[in-house]
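The block underneath contains the structure these notes are about, expressed in structure tokens.
Residue numbers count from 1 along this sequence.
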Amino acid sequence: MRLTLHLVASTGIPKEPYLLAYSKTSETVLRGRSRDESKYSNPDNDPRGVWMSRSILGLASPEQRPNLHYSITDPDSGINYAPPANTGWRYAKERMQELIGTGCILFPKKPDGRPREKKFRADLESEFTSFPTLIDDVFTSHGTTSIRSLFENQLFDFPKPPELIHKLVEQAAANQDIVLDFFAGSGTTAHAVMALNAEDGGNRKFIMVQLPEPTDKPDYPTIADIGKERIRRAGEKILADKGGIINLDVGFKVFKLDSTNIKPWDVGFDDLETSLPLFADSLKDDRSNDDVLYEILLKYGHDLSLPITTHTLAGKTAYSIGGGLVVCLDKNITLDVVEAIVELKKAFALSGELDQEMSKSMRVVFRDSGFADDVVKVNAVQILKQAGIEDVRSV
């Protein structure tokens, strides 16, 4: 986990949103804001490159930091300059003399002026400035405007401004990170992630979690329905705004939390004769191939966003995921289907979809009750092993 962000409201009046940030490691930091490069120039052709002038005044009184209260002298004019009595200088005397000696202190042309520092762009360690503790350029009304622009009416109360989430994702998530929002609402976070990817060419992914809370909107019976439609429309709008000239993935998959697709083993010893036939097929009767397929992906640790390719092999349907996993959940599987899987592996190797390392770990999964008979099941395992597929499973 890189960084966890929580947007909460204060208990004071008026209520103001606060952002709480958590991380498992102390190294995690907010990236910061991009520097304003327009502030840097080189009017005197300094060989050290572009620079900007900044104040060298401090913040400490004489009582707090007496070593910061002293006079400095312009070596060219001999004029002395003292700091304001309540602030002092930014640097101690030794450091100030070093800066004067290297020509990094800009002295004014008039005695009543204020010396400033010549800060070179090349000396800065970071490309960014610190992130402000007060965000004053994003308002709640921005969230309302965003929803209305997509749906032409107000479907969701108090949506988060996408501009705010955009800022936070930009600060906390690298280009390949996954952004998780456990309280997705109308899908603002997904909208912001896609918009940021469109700006900087990132490949961030999002996971939105939302309970199907009912609404009074006939076209969108739950909040989750609003979120799904908002993500679709936001993606289309981002692509349209970019004129279709970017390679941006705005697709997404929708999953609903459910129990396993495998029947629980619950057979009484006093009624084995009647119970055992009910478990000839280990999969629940009301589950689709897609249901089982995604459970297999989860159990084997595969990314649910991976592309899934459908193949017809000897009249049966099989799915391949990344070349390293083939799943066939049809019934009445014959050796013709098994031989077709072997040929599919060869095609993967020729196309480069399956490299030598992946070939060694390729996995094939069948429905346990899907084989035409036990002889086919035994021979299928042997045929696949001869083709270099050692990992053959059934569910």
Side-chain angles (χ1 to χ4, degrees), residues 1-7 17 19-25 27-40 49-50 52 121-122 124-140 142-143 145-147 149-150 159-209 227-228 230-253 303-307:
M1 181 186 73
R2 288 171 55 86
L3 193 64
T4 300
L5 301 172
H6 292 286
L7 189 63
L19 180 69
L20 306 180
Y22 306 87
S23 175
K24 285 185 177 180
T25 63
E27 291 80 15
T28 303
V29 295
L30 297 177
R31 189 196 72 175
R33 294 186 299 183
S34 297
R35 293 188 180 278
D36 183 1
E37 299 293 340
S38 66
K39 294 181 178 179
Y40 295 89
V50 295
M52 64 171 288
R121 179 68 176 83
L124 301 178
E125 296 180 357
S126 172
E127 294 295 316
F128 306 97
T129 62
S130 60
F131 191 68
T133 56
L134 177 64
I135 300 175
D136 57 1
D137 57 349
V138 178
F139 305 95
T140 303
H142 291 164
T145 301
S146 177
I147 284 285
S149 68
L150 292 172
K160 295 184 290 290
E163 295 88 350
L164 173 61
I165 307 303
H166 181 289
K167 285 178 179 288
L168 303 181
V169 173
E170 185 179 39
Q171 292 300 313
N175 282 5
Q176 302 294 324
D177 279 354
I178 298 174
V179 180
L180 170 63
D181 188 344
F182 270 118
F183 301 94
S186 66
T188 302
T189 299
H191 187 167
V193 169
M194 292 188 294
L196 182 56
N197 283 342
E199 287 183 14
D200 65 9
N203 189 32
R204 302 171 189 84
K205 298 178 181 179
F206 55 81
I207 299 175
M208 303 290 103
V209 182
K228 288 183 288 186
R230 197 260 182 85
I231 297 172
R232 292 189 191 98
R233 296 191 182 203
E236 292 173 358
K237 186 176 187 303
I238 291 170
L239 291 176
D241 290 345
K242 293 292 183 178
I245 59 174
I246 59 172
N247 182 22
L248 178 66
D249 182 4
V250 296
F252 64 99
K253 294 181 178 180
D303 190 335
L304 296 183
S305 64
L306 285 173

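To the nearest 0.5 Å, atom CG of residue Leu196 and atom NZ of residue Lys167 are 11.5 Å apart. Note: Asp249 CG to Ser305 OG = 8.5 Å, rounded to the nearest 0.5 Å. Put simply, NZ on Lys237 and NZ on Lys242 are 11.0 Å apart, with the number rounded to the nearest 0.5 Å. Here Ile147 contributes atom CD1 and Lys160 contributes atom NZ; the two are 10.0 Å apart, rounded to the nearest 0.5 Å. Here the straight-line distance linking atom CG of Asp181 with atom CE of Met208 works out to 5.0 Å at 0.5 Å rounding. Atom CG of Leu248 and atom CG of Asn197 lie 6.0 Å apart (nearest 0.5 Å).
When all heavy atoms of Val179 and Ala173 are compared, the closest pair comes out as CG2-CB, 4.1 Å. When every heavy atom of Ala234 is checked against every heavy atom of Met194, the shortest pair comes out as CB-CE, 4.1 Å. The nearest pair of heavy atoms linking His142 to Glu163 is CB-OE1, 3.3 Å. In plain terms, the two heavy atoms of Ala195 and Ile238 that are nearest each other are N-CD1, 3.5 Å.
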Intermediate values then yes/no, side chain to side chain contact (heavy atoms under 4.5 Å, CB included), Asp303 and Lys205: CA-CA 11 Å; Asp303 190 335; Lys205 298 178 181 179; 3.4 Å; yes
Is there a side chain to side chain contact (heavy atoms under 4.5 Å, CB included) between His166 and Val138 once you walk through the steps? CA-CA 11 Å; His166 181 289; Val138 178; over 6 Å; no
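With hydrogens and angles ignored, the 3.5 Å screen pairs no side-chain donor or acceptor of Ser146 with any backbone N or O of Gly143.
Inter-residue side-chain proximity for Arg204 and Ile178 is flagged as unmet; no heavy-atom pair is nearer than 4.5 Å. Under the 4.5 Å side-chain criterion, counting only non-hydrogen atoms from C-beta, Asp200 is not in contact with Glu170.
Among Leu180, Asp177, Ile231, the one residue that satisfies the side chain to side chain contact (heavy atoms under 4.5 Å, CB included) test with Phe206 is Ile231.
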